[in-house]
Structures are given as structure tokens and as C-alpha cells.
Protein chains: 2
Amino acid sequence: MQKNEQRISLAVSTVIFALRPIPESGQSALWIPLVRRTREPFARQWALPGGWAGNDESLTDAAARNLLATTALEPAYLEQLYAFGDVERSVSSRVVSIIYWALVRQEEAERATENENVRWFAADNLPELAFDHNVIIDYALWRLRTKMEYSRIARAFLGETFTLSELRLVHEAVLQRQLDPANFRRQIENSGSLVPTDYVVSGGRHRPPRLYRYDEGVELVDNGPLGHKKTGSTRVID
Amino acid sequence: MQKNEQRISLAVSTVIFALRPIPESGQSALWIPLVRRTREPFARQWALPGGWAGNDESLTDAAARNLLATTALEPAYLEQLYAFGDVERSVSSRVVSIIYWALVRQEEAERATENENVRWFAADNLPELAFDHNVIIDYALWRLRTKMEYSRIARAFLGETFTLSELRLVHEAVLQRQLDPANFRRQIENSGSLVPTDYVVSGGRHRPPRLYRYDEGVELVDNGPLGHKKTGSTRVID
DNA sequence: TCAAAAGTGTTCATTCTACACCCATGG
DNA sequence: CCATGGGTGTAGAATGAACACTTTTGA
């Protein structure tokens with residue numbers, strides 16, 4: 001097969017997660033911004049934000065660009081999720097979609113322009129979405145929760161320094177269950193990824209908690225396969 | 001951006017794993033078939049087998065088709081690994097590659113046509129490959145070894161029934177370390193994924209081992225994100 | 001001095017690991 | 001009867017969950 005015979009369009013979409021309080025309970029939970037489709041198929045239904053991949057940008061850059069264009073958000077974390085390439089049935093043209101998932105901090109999330117065509121939804125209470133986007137979001141949720149337990153992505157929801165309570169609340173919001181503060185502390189301390197700072201937070205009606213930060217030398221950005229071990233430059237694949 | 005402005009070609013390549021004995025030690029280890037490139041860039045260097053994605057086939061189908069065409073192999077397991085989409089620098093045209101990884105049984109692996117342009121290499125002793133293919137294979141190895149510990153993919157290297165020794169040897173070959181037979185047995189038994197058959201293997205100069213098989217209702221085929229929970233139909237993504 | 005969250009200690013259950021030991025077969 | 005791998009038992013270490021208890025602050 002000659003490659004110039006190909007008639008495949010390449011799209012990029014992103015599942016964006018942010019922590020926001022649930023109106024009723026006030027507890028933090030995962031929220032996702034969705035955009036309303038303007039064209040068929042699934043016109044006027046909610047869908048993941050995305051767009052076409054440009055000729056001169058990497059897939060990751062395309063994801064970041066589309067994410068900024070559709071929701072005005074710049075994520076603290078961005079990682080590829082999966083490439084969907086089944087032959088499209090509903091439309092004549094063939095589309096392959098690369099799905100990313102992203103985490104944004106709370107302050108950043110508030111910058112998201114919410115309007116008639118962009119709205120935040122609680123991740124565990126979504127409407128019927130366009131295409132298979134419900135399934136994709138379930139998968140992204142599974143990845144986020146799984147990765148939460150062995151990596152340091154909780155960092156993407158926090159500032160430079162934070163208390164152990166704040167970190168625990170992030171974990172609780174993502175995993176949707178309470179964690180024992182004592183055991184959580186030991187777990188984190190034993191992992192060796194945090195270093196205590198010399199500062200504490202005063203003002204609460206209780207003992208002031210110490211501020212921590214992640215140790216150096218650990219970048220948050222996901223390099224994909226090239227980053228799972230310390231390898232050097234990123235190159236392109238045939 | 002209009003999608004008809006896109007000039008991106010879509011390629012599919014596969015990291016194929018099979019277990020074969022190492023000539024010197026006789027121990028089983030992971031081997032990978034590679035193909036010699038006929039064109040620039042990296043002409044005459046070894047690379048992952050692959051080809052272009054067809055307009056009317058899913059990405060998985062494209063991977064299986066190219067795999068059969070280049071190595072004559074039909075894998076027992078096939079799963080998407082990662083989509084590489086950096087802007088190509090060495091060649092003028094833009095290529096996005098979807099990489100798959102596959103497992104083939106030993107009998108099947110022997111069918112692979114080995115010639116001047118297709119050869120098997122021990123996975124932990126590879127030459128310098130074209131593009132970033134060394135890094136990609138490292139990542140595929142990591143995925144295989146990680147997944148070995150929580151899923152049932154070892155099955156892809158075995159026949160319908162097998163002894164616990166055979167299963168353990170698969171694990172040892174993949175993980176590259178010895179496993180305690182007693183503890184391995186209990187671990188597997190407690191996982192509840194195996195059922196003993198009524199048959200044993202006689203002929204050895206020792207107590208005849210029992211044959212086991214995987215329990216029903218668990219398909220080996222990987223459905224990707226759509227398969228991580230029991231969800232229904234596969235649809236296409238925008 | 002009291003409430004509340006920070007932080008420490010301890011106990012119990014579960015799991016992992018190493019290894020001793022018996023079993024069944026072919027030679 | 002012996003060598004060999006199949007298969008079982010068990011003691012100690014490591015890990016994790018549950019929870020009592022002490023500490024330090026603001027009010």
C-alpha cells in the first residue's frame with residue numbers, strides 16, 4: 001500500500017480532570033469540562049474537547065493546543081490514553097482519534113470559560129455523551145485512579161508546597177473513599193518522595209501542620225514510553 | 001483547521017514476543033523478530049515489522065495484517081502500546097505510528113520465515129535499531145513484565161492445558177528470575193483463574209504433574225479501553 | 001480548658017518468603 | 001531403592017488496616 005492512498009484524518013481529544021467541590025456536600029470530587037457538538041453526528045450533544053492534529057505539531061502539542069482553544073485551560077499534567085482507530089460507520093470519512101487525559105489545578109480550572117457550549121460535569125454523574133465518550137472517560141478514570149496509587153500525579157492538583165492533609169484530600173477525592181490519616185502519613189513518608197519544609201501553616205484552630213514539597217529530580221511531565229526509564233532524547237518513529 | 005489540509009500518514013508497527021531457548025544456556029527467554037529496512041532513512045538497519053494503515057481496516061486489523069505479511073505470524077495476543085506522533089525530522093513527510101505488542105506461542109513462532117531480511121533477536125541483547133525502536137521495545141518489555149503480574153497473558157505462550165511447571169517457566173522466562181515452585185503454586189491457586197483437569201502427564205522420571213486450564217468466561221483478546229470493564233459494543237470515536 | 005486536627009504508637013490480620021518435608025513415578 | 005520433580009506444611013518477616021493516644025494550636 002502506498003501511503004499517499006491514505007484518506008485518514010487524525011483527531012486529538014482530551015479527558016480533562018479537575019477537583020471541585022460538589023455543591024450539595026461540599027466535598028471535593030473529579031469534574032470534567034465537556035463541549036457541545038455543533039455538527040452531526042451527535043449534534044448538540046456533549047463531547048470531549050478536541051480537534052484535528054496539525055501537520056507540524058506533535059500529538060501532545062496538538063492535544064494541548066486544542067485544549068487551550070476549546071476550554072482555555074493549560075494542564076499541569078498531560079498523558080496519552082489510547083488511540084481509537086475503528087472504521088467509522090456513522091460518517092463517510094475515516095477518523096483516527098488519539099485521546100489524552102489531563103489534570104489541572106483548582107485555580108487553573110476556575111479560568112475555564114463556561115458558557116452555552118462548555119460546561120463542567122461531575123465525572124461520576126455524566127449525561128449520555130457523543131460517540132463512545134462515556135466509555136473513554138470511564139477508562140481515563142480507571143487510569144487516573146490506578147496511577148494515583150503508584151505515581152506522584154496527585155502533585156498536579158497541588159501547589160508547590162502543601163500539607164499532608166491537603167495531599168490526603170486529593171487522594172480521597174480521586175479514589176472516592178476515606179483514608180486513615182495516620183496510615184496515609186506513614187505510607188507517604190516511607191515512599192520517600194516528599195521532603196518536609198521548614199514552614200508550617202498557622203491560623204487553624206489546631207496544631208499547625210507542616211508544609212511538604214516533592215523532592216527534586218522528579219519531573220511531573222509524562223514523557224510517554226520514553227520516560228518510563230531515564231532515557232534521553234525523543235525521536236520519531238517510522 | 002480543516003481536516004482535508006492534513007498530510008499525515010498513519011503507520012502501524014508491532015513488537016512481537018515469543019519464548020525461545022537461548023542457544024548457550026538452553027533456558028527460555030524472550031525473542032523478537034525484526035525486519036531489515038530497505039529504504040532510507042536507516043536503510044539496511046533492523047526495525048520493527050509494520051506498514052501503513054488501510055482506509056477500511058481498524059488499527060488492530062492493520063497491525064495483524066502487517067504482522068502476517070512481514071513475518072507470517074498470527075499472534076495469540078495483540079494489544080496497543082502507544083501512538084508516536086512527534087514531527088518527523090529525518091524525512092519530509094509526516095508520519096504517526098501506532099505501535100502494538102503481540103505474543104505468539106512457540107509452535108507458531110517456528111513458522112516465522114527467517115531470511116536475509118527477517119531475523120529473531122534476543123530481547124535483552126538487541127543491536128542498534130532504526131528510529132527509536134530500541135526505546136519502544138524497552139517500553140513494550142516493561143509493559144509485558146508489568147502486566148504479567150496482574151493479568152493472565154502468560155496464557156498466550158501456552159496451549160489449552162499445561163502443568164504448573166510449564167506456567168512457572170513462562171513467568172520465569174519473562175521476568176528473568178527464578179520463582180519458588182511452592183509459593184508460585186499457591187499464588188496461582190489463590191487467584192482462582194486456573195481449574196485443574198482430570199489429566200496428568202506421565203513419562204517423566206518423577207511424580208506425574210496435573211494438567212490445568214484457564215477457567216471459562218475469560219477471553220484472552222485485549223479489547224483495549226473498552227475491555228477493562230464489561231462493556232458492550234465497540235463504537236468509533238470522533 | 002476545650003475542640004480539632006497534627007502527629008505517634010501499638011495491635012492484629014493478611015500476605016510474602018524461605019525452606020523443610022512428604023509423595024509418586026521411572027529407572 | 002534412588003533420583004527427580006510434584007505437591008504440602010509451616011515459621012518468620014513484611015506489609016497493611018484499625019484505632020488508642022499524645023501534642024499543639026486558636027478561641
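Chain identifiers are assigned alphabetically (A, B, ...) following the order of the sequence lines, protein sequences preceding nucleic acid strands; residue numbering begins at 1 within each chain. Here the structure is a predicted model, which means the values were calculated and not measured.
Of the candidates A:Tyr212, A:Tyr214, A:Phe157, A:Phe162 forms a ring pair (Phe, Tyr, Trp, His ring centres under 6.0 Å) with just one, namely A:Tyr214.
With rounding to whole Å, B:Asp180 atom CG is found 15 Å from D:dG9 atom P. Following rounding to the nearest Å, A:Arg168 (CZ) and C:dG7 (P) show an atom-to-atom distance of 11 Å. Protein atom NE2 of A:His206 is 18 Å distant from nucleotide atom C1' of C:dT1, rounded to whole Å. Rounded to whole Å, atom P of C:dA4 lies 21 Å from atom CG of A:Leu164. In this structure, CG of A:Asn190 is placed 16 Å from P of C:dG7, rounded to the nearest angstrom. A:Leu194 has its CG atom 12 Å from the P atom of C:dG7, to the nearest Å. Atom-to-atom, CD of B:Glu189 to C1' of C:dT15 comes out at 16 Å; the value is rounded to the nearest Å. The distance between atom CZ of B:Phe184 and atom P of C:dT15, rounded to the nearest whole Å, is 18 Å.
Shown here for A:Leu48 and A:Val35, the closest heavy-atom pair between the two residues is O-CG2, 3.9 Å.
Among the nucleotides D:dT24, D:dT8, C:dG7, the one closest to the side chain of A:Pro209 is C:dG7. Checking C:dA18, C:dG9, C:dA6 against the side-chain heavy atoms of B:Arg186 singles out C:dA18 as nearest. Checking C:dC19, D:dA18, D:dG6 against the side-chain heavy atoms of A:Asn183 singles out D:dA18 as nearest. Among C:dA18, D:dT23, D:dA18, the nucleotide with an atom closest to any side-chain atom of A:Arg207 is D:dT23.
Between A:Arg177 and A:Pro208, it is A:Arg177 whose nearest contact on DNA chain D lies nearer the 5' terminus. In terms of position along DNA chain D, the nucleotide closest to B:Ala182 lies nearer the 5' end than the nucleotide closest to the other residue of the pair B:Ala182 and A:Arg205.
Counting non-hydrogen atoms under 4.0 angstrom, A:Ser165 reaches the backbone sugars and phosphates but no base. The residue B:Arg210 sits close only to the backbone: its heavy atoms come under 4.0 Å of sugar-phosphate atoms, none of a base.
The shortest distance between the side-chain N/O atoms of A:Arg185 and the OP1/OP2 oxygens of C:dG7 is below 4.0 Å.
Remark: aromatic rings of A:Phe17 and A:Trp31 are distant, center separation not under 6.0 Å. Taking the ring centroids of A:Trp101 and A:Tyr139, they lie at or beyond the 6.0 Å cut-off.
In this structure a side-chain-to-backbone donor-acceptor pair under 3.5 Å is missing from B:Ser97 to B:Phe84.
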